[in-house]
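Accompanying notes for the structure given below.
Chain identifiers are assigned alphabetically (A, B, ...) following the order of the sequence lines, protein sequences preceding nucleic acid strands; residue numbering begins at 1 within each chain.
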Number of protein chains: 2
Amino acid sequence: MPTFPKLGILGGGQLGKMLCQAATPWHLPTYVLDSSEQFPAAPYATVFQTGSFRDYGDVMAFGRGLDVLTIEIEHIDTRALHELEQSGVRVYPQPHIIDLIKDKGLQKQFYADHGIATTDFQLFDSKQDVISAVNAGAVTIPFVQKSRTGGYDGQGVSVIRYREEVENKLLDGACIVEPLADIDKELAVIVARSATGEVKVYNTVEMEFHPTANLVEFLVCPAALDGDTDGRATKLAVEVVQQLEIVGLLAVELFLTTDGEMLVNEVAPRPHNSGHHTIEACVTSQYEQHLRAILGLPLGDPSLLRPAAMVNLLGAEGSHGPTRYDGLEDILAIPEVHPHLYGKSETRPFRKMGHVTALGDTVKIARERAARARDALRVIAEE
Amino acid sequence: MPTFPKLGILGGGQLGKMLCQAATPWHLPTYVLDSSEQFPAAPYATVFQTGSFRDYGDVMAFGRGLDVLTIEIEHIDTRALHELEQSGVRVYPQPHIIDLIKDKGLQKQFYADHGIATTDFQLFDSKQDVISAVNAGAVTIPFVQKSRTGGYDGQGVSVIRYREEVENKLLDGACIVEPLADIDKELAVIVARSATGEVKVYNTVEMEFHPTANLVEFLVCPAALDGDTDGRATKLAVEVVQQLEIVGLLAVELFLTTDGEMLVNEVAPRPHNSGHHTIEACVTSQYEQHLRAILGLPLGDPSLLRPAAMVNLLGAEGSHGPTRYDGLEDILAIPEVHPHLYGKSETRPFRKMGHVTALGDTVKIARERAARARDALRVIAEE
């Protein structure tokens, strides 16, 4: 076999599963840690270790004896990662970068310190401190409150539009507060950087959010942007990567304001929902690219071969229980549609249960196909 | 989960591995039978059963309790497959078609009986009968002798060019004898047919053989053919599929003679070496297409998205022993090159140890990239 290092992945959800899939053409063994063998990556890991990536002892036990360690989620016990790094395990993304990113306060401060354009922000230690600031006129309504830690898939965010909402809608705990930006578009740029400093950038993607669930509904690539605006998006994303000196992928979520300003919203140091389409639409998928970057291999060509639209397949409203996917046959009758079913054993309303990438001669065609696919497939609980 | 039937695959080599890979986006469980857990598909099957697909008892034990059974190799105990079919297991390709194809004599007779253009042939029961026919002037030198059963990857074929070779080079056992055709090109057309009769055809591929190993060296797609010739290749391949009424894939190998005649050489009722490029170059890979066909799902679009060249990675001459792949890093630096390492534990000279698919704006570019990749990677034995 090639002399591959022993590779561990913390987290066995859909991103971990797709990392395992990307490893199969090279016959690269994968070790995955997560808390249940019912999770998506379990059948596709070479070795699946049951344990919690939030637990110091479990991460230490898992990481010892591996050569390279990576993540599919930021909410890891990073004390263990720091120790493993010191003991010689290559941990990518680097633990200090995970610490920085998983705390939205530190992340924002990093942008401010490094002259990276981002929305204005204020830091608070508690809900009470925010209320006091509002009362003192130091925070202006409307605003967005985000928990510093623990947010995921639209959780940990509260939008305050009226004075009456302050007492009831504010979240507990340390947080950041941002003015409500006038957003024209939400964009994402995925960048890969290897240990040698080689950098590759994917085409900018444009996100459209579900009106109620606060989750991405459609993602299209390429984004409908003029060349100058697109160039600014790419440049800003690469700037974050260069300043962080991350090894691996960084997904950079951006706001394009109605004034034409390009701002960093937040970042994720791993494969990202906004890069699912790269599996079928790009020369090198984000998953393979991440493996190349962290294994010290040359980075691949990120070029887009074909316009793409991606839609998440969410658990149906009102449906809780053992998962059933209905309508796969109908999806497969639509041209250039690639369904990915994650195999999560339990469905919940709005839970990410799969995704579909549709390709086409134009983004419009791809998007229509993705919409048809989403309408054809329902993720519900078994009766 | 979708209500997938329980799917079994007989054979755990590289074709079985790639069938398992194609099943992962749907989270479709796969059961694989083969004789060693060291084989390529073992780490990627949901359940890997150790046993021989040539053994009646092993195939029966494996097939009972499954809903759909398929193959990655023809050399199966088909008695067991017939019994399983009668007991209600859906066996695709159908066992009587496997019987027909695995015996080159029956296969040839089928073409003759159904008016399908193929090279002329004579059937013989033994080497001695061939010698007698040569002596009687009923067989003319030069000719090709092929064993009726058991041939694979260039084994079971002998080319007789001179009278002196007859005694020494002829193979034992029942065989067919064909005149040595004047071949301009060797082509392959992969066709899928589902149980409902839906048919999809992939673009014609052109094969180039290694001068000494009698194995395909480069495969390029699309083949360099005028429209009329290409149309005749496709038409002939579809004709074979329609006449056989096969469910699943049929890879049809064709000869284009120097006189412009299009002839069926032989067929394989499964994913085929000449379709590896479909993984990256086509909307739907041959592996996914085979799954769709045998599971009763709508067939996918076989369109070629980009010109492709495929090269097999063969075990180096003179190298026997535990496999080492040298040079993966160099391959990954070549644009649009996709290496597939099969992970076979032992290498032997000219054994198929992997393949590389290269894409490009033209076949010429793709082919150059594939050649560079082949030259960069060596499959040798560990010291």
Side-chain angles (χ1 to χ4, degrees), chain A residues 1-4 14 17-18 20-21 23-30 40 43-47 279-281 283-284 288 292 295-301 303 305-306 322-345 354-355 357 359 377 382, chain B residues 1-4 14 17-18 20-21 23-30 40 43-47 279-281 283-284 288 292 295-301 303 305-306 322-345 354-355 357 359 377 382:
Chain A
M1 303 305 301
T3 48
F4 284 125
Q14 64 266 26
K17 172 184 170 180
M18 288 184 270
C20 291
Q21 287 176 262
T24 59
W26 304 344
H27 224 82
L28 165 67
T30 47
Y44 305 107
T46 314
V47 176
I279 295 174
E280 291 91 3
V283 175
T284 311
E288 178 178 330
R292 288 175 179 242
L295 296 174
L297 296 166
L299 296 182
D301 179 353
S303 299
L305 291 170
R306 209 153 161 71
T323 306
R324 206 175 82 208
Y325 294 95
D326 262 7
L328 181 62
E329 261 191 72
D330 300 323
I331 277 194
L332 293 176
I334 308 168
E336 293 194 73
V337 153
H338 300 275
H340 292 254
L341 309 181
Y342 301 153
K344 296 179 184 178
S345 54
H355 77 264
T357 296
L359 308 181
L377 195 135
E382 293 279 1
Chain B
M1 304 303 303
T3 46
F4 283 125
Q14 63 266 23
K17 173 185 170 180
M18 290 184 269
C20 291
Q21 287 176 261
T24 60
W26 305 343
H27 224 82
L28 164 66
T30 47
Y44 306 106
T46 314
V47 176
I279 295 175
E280 291 91 5
V283 175
T284 309
E288 178 178 330
R292 287 175 180 241
L295 296 174
L297 296 166
L299 296 183
D301 180 353
S303 300
L305 290 170
R306 210 154 160 69
T323 307
R324 206 176 82 208
Y325 295 95
D326 262 8
L328 181 63
E329 260 190 72
D330 300 323
I331 277 195
L332 293 176
I334 308 168
E336 293 193 73
V337 154
H338 301 275
H340 293 253
L341 309 181
Y342 301 152
K344 296 179 184 178
S345 55
H355 77 264
T357 297
L359 308 181
L377 194 135
E382 293 279 1

All heavy atoms of Gln21(B) vs all of Thr24(A), minimum pair found to be NE2-OG1, 2.9 Å
Contact between Ser303(A) and Glu336(B) at the side-chain level, heavy atoms closer than 4.5 Å - yes or no? no
Closest-packed option against chain A by number of heavy-atom pairs under 4.5 Å, given Met18(B), His338(B), Glu329(B): Glu329(B)
What part of Pro339(B) gets closer than 4.5 Å to chain A, counting heavy atoms only: side chain, backbone, both or neither? both
Got a donor-acceptor contact below 3.5 angstrom from the His340(A) side chain to the Pro25(B) backbone? no
Rounded to the nearest 0.5 Å, the CG atom of Leu297(A) sits from the CG atom of Asp330(B) at a distance of 10.5 Å
Relative to chain B, which segment of Leu305(A) carries a heavy atom at a distance below 4.5 Å: side chain, backbone, both, or neither? side chain
Quick one: of Gly327(A), Pro40(A), Pro29(A), Pro335(A), who has the most non-hydrogen atom pairs under 4.5 Å with chain B? Pro40(A)
So which atom in Tyr44(B) and which in Leu28(A) form the shortest heavy-atom distance, rounded to 0.1 Å? OH-N, 4.2 Å
